[in-house]
**Student:** 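Structure incoming, see below.
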Amino acid sequence: MAAPLTLLLIVAITVRAALYRSSLADLISERVEVVSPLTAWKRVVEGLALLDLGVSPYSGDVFHETPLIIYLFHFLVDYAEMTFILADVITAVALYLTVKDYNKQVFRKQKYALEADRYPLDCLELIRSPKEMFYIPLKVAMFYLLNPFTILSCVAKSTCGLNNAAIALFILSTVKGNVLLSAIFLSVATYQSIYPLTLCAAALLYLMQRQYIPVNFRRASFWWFIAQYAFMYLGSLFVIVCLSFFLLGSWDYLPSVYGFILSVPDLTPNIGLFWYFFAEMFEHFRLFFLCVFQINVFFYTIPLSIKLKEHPVFLIFMQLAVISIFKSYPTVGDIALYMAFLPVWSHLHRFLRNIFLVSCVLLACSALFPVLWHLWIYAGSANSNFYYAITLLFNVAQILLVSDYFYAFLRREHHLTYGLYLKRKDGSEATLVLK
Amino acid sequence: MGLLSDPNRRRALISLLTRLNAPICVVCYMAGVAWFMGLAFEPFTLRTYMSENAMGSTMVEERFPAGERALATGREFSAHKKKAGGMPVDWLVKTMQSQGLEVFTQRFSRTLPFPDENKERYMVKGTNVYGILRAPRAPRTEALVLSASCIPGDNNNQAVGLLLGLAQYFRNQVYWAKDIIFLVNEHDLIGMQAWLEGYHHTNTTGMDWSPLQGRGGSIQAALSLELSSDVITSLDLVLEGLNGQLPNLDLANLFYAFCQKIGVLCTTQGKLQRNDWDSVSGYSHAVQTMMLMVMKQASGRPWGDHGLFLRYHIEAATIKGINSFRQYKTDITTIGRLMEGMYRKLNNLLERLHQSYFFYLMPSLSHFVSIGYYMPAFGLLAVILLLRALDLWVQLASPPPRTEDGFVDPEQMSSPGVLSVLTPLVISHLTGVALYTLPIRFQEMAVEHFPVSETEAVVLTAIAVYTAGLALPHNTHRLLSGGGTEQGWKVLKMVAVLYLAVLLGCTALINFSLGFILALTLVPVAAFVTPHAPKALSAFVLVILSPACTLLFSVFFFQELQEMPISFLDGWMLYLSVISQGILDHCLYGSLVYPLIALLVYPCWLLFWNILFWK
């Protein structure tokens, strides 16, 4: 399996290198779909210039990346392109290893269940074979590396690629069962963009499952494990935050990075839901709706972790999707990360209901973004409503996609317990309805 | 959401859509065409009305008196033009300066990629002269432009005369709140392009021009004059700009309102409006006018000097004086008054023209069809593609039919490889890239080896590459080792149909007419092509409905609409020149039609060609 992966990496790197050399790179790095005020490379360069002049990079309202990033590029600015390619490669390899490991576990679990005769007889066609699972890790790496969204994001040098790498490493160390590394990478990811905080529920569930700690509020071992993890997580977060403070010598960056993410002062259009809404709203209600919108990202953690207690990796996928839909400055790079997981759930395809509709809408929207942007900004004949309509449609399609996968996952689990061909009490064929 | 989540209703709907797919598609196509034809019917259209408050209720007086003097200036200009053998720069500078304008000149030069045989130019060198009348009453942050181009021969002298006359008259008025720029541009659109690029500090097409020495504020609106006789019978309004962009409808409303007020006959597409909408001839007249607008818009080229302003978010139109054999003539003083009135209204603007529509079609100057009314016609055509894609999806997703033994045919089960879809996609796009790059790249070589001129070489290379693409299915199959499966072509067709739907949708948003005309011809092809249809007949139909043939038909149709039918041979020559003009428009002004057809539409059509010859 190493050879195809190497080939894939070579292809991916070639595509990116070629695009960096072409005239498209400048065009792509200006697209609002690809870069947000947080992740734009132009702003990082501005921050670096300020830093070189001995001014705090956060003075002025341009730079919003974290101090570690700016110090990273302080040394690597000449190798920026390589850094971003490397970040993508790291993400892809990490996802590859993660999925390989995860598939092994899934298979092992399935074998035990089969041996224990826990599956109903008619469910045999739902059992996953090693043959079909063999190529999934490679497909995951391919979905990430060759996804146009990732390529665009990498060519635009959006720092989103680095955040994705941190999250991928977090997932890898979690799946490998390394508690300390998992906590450290989670704190790095949180430090970068706050929202990955919600992934800690999934990580806890997974690690406890792995260490056979029951999820039971009355057990001391449960609380002890949470305390351990929280200590490691908060400890490393504290270290990183303090490190940033000592690097810069001021707390400027806290309001400028996290305040910026949470209070959404920059209403540049992007593919998210915030900008139009907050541009139209009366200032009076701003705080209220800000809370409502931001709670959206965090709130789903609770019901999802209750429902998917047994399947933490699927929970991670759901969480990533929710974050990339509801975060304040989403870019296509965020979407690419959760889309990379789609091959892992390829066995759910027979239960998906709207996949055709959703993929058509996603495809059409991706093509319409630049067209409507052109009509709005350059031709002046359309207006922001056109662009926002497409944004809205794009997000609805994403939500449908995710909920479709969620439904399919639950339905498969249901079938695995109750049999594939369900009968009503009177013996007629029953159908499952999601209500 | 019931439809999306209730499995029974979903199943019923999907089975309905797949069972009745073909009839629904046919009905949609008919309905789309019928809807489009209905757009010209007057009860279905809206009357134009002025939306902009600043131009609507304010009263202005028109007092321009100096028509005769303007004509005299025009004659003087003509004499100097003849003497200088081109733009009489010194005379123009002196005249404008004597009128008290700030006068500047701009030199530009441009070598075309290949000679333009219609206008007989290759290495273009010229000078633009413009004078700025500074606004006495405001801080000079905004400007209006009045332009007339200096054309060799006896044309457009009166326009320059009137421009200078208006400049003289405007200079003495005190109410101007915006700078007024009087521009005389040489080599029509090329000069205009140079001036606009200079004014906005951009350079999109690699042209050489000297930087502008003086500027006004940001330009709010521009009018371009074309006037070649001392008296006229009617004024024609030209709206279509680059890439089918149209100015705000209020500009047309303004023109119409003033024509009504002053009593000048006004036309659009050279057609007067008629009042007998309920008669057949009245309706066909409206259809003719609208179709002319659709054809012009679809061509994506600027139909007057104003066309390039639109790219810079400046509302602009060309006003053309027409002298035909009518009794009733209008003298130049009246036209001057009309221009004065329009500029005074534009001068009252408080913000950019944005209140009225940007997407519209005009079956007559007093009626329009807005985007909400014409988009369903396109939508009905586009929905066919989605229905076909859904049908294919259902066919692909449903379990393969079991053979009599109860075993599933293993060949059917194996899903088609990614390669069998990717190869045609990549190869047809490479052909598209060849069609886009080769004609200009290879003109020199073609001229060396064949007895043709450069222009012919470019056009013929384009046609040759286009035709060579038809041999593609054989080459694709040679690349693919195994034969294609039944599933293979269905997947390819689904991809191609969705691709076409997205492509046409995006095109129709930017340029409705182009999108609609392409949809009209490509949708039937996309909907009903299969490898099982009779080969020769289908191939013939496919070629007839290909983009190149669509262009050929459009050329004849356009001539027919203009009531200038031509013989087949002339039509063919015109077709060749239209192709060369299309390529030139792309190179000179950045028109997008040629790259769109070459890089996207043609490869998409090739995919369907591939499906027909699927083995």
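Chain letters run A, B, ... following the sequence lines, proteins first and then strands; every chain starts at 1.
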**Student:** Nearest 0.5 Å please: distance from the CG atom of A:L372 over to the SG atom of B:C506.
**Tutor:**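 Rounded to the nearest 0.5 Å, the CG-SG separation comes to 8.0 Å.
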**Student:** Counting only non-hydrogen atoms closer than 4.5 Å, does B:L498 touch chain A with its backbone (N, CA, C, O), its side chain (CB onward), both, or neither?
**Tutor:** side chain
**Student:** B:A501 versus chain A, heavy atoms under 4.5 Å apart: side chain, backbone, both or neither?
**Tutor:**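 Contact with chain A involves no heavy atom of B:A501 at all.
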**Student:** Supply the atom-to-atom distance A:C360 SG to B:W393 CH2, rounded to the nearest 0.5 angstrom.
**Tutor:** 8.5 Å
**Student:** So do B:M494 and A:F356 actually touch side chain to side chain, heavy atoms under 4.5 Å?
**Tutor:**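 Contact flag for A:F356/B:M494 side chains = yes.
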**Student:** Between B:F359 and A:A382, what is the shortest heavy-atom contact and its length?
**Tutor:** CE1-N, 4.3 Å
**Student:** In terms of heavy-atom proximity below 4.5 Å to chain A, should B:L390 be classed as side chain, backbone, both, or neither?
**Tutor:** both
**Student:** Determine whether more than 12 heavy atoms belonging to other residues, nucleotides or ligands lie under 6.0 Å from atom OH of B:Y312.
**Tutor:** yes
**Student:** Report the distance from atom CG of B:L509 to atom NE2 of A:H374, rounding to the nearest 0.5 Å.
**Tutor:** 11.0 Å
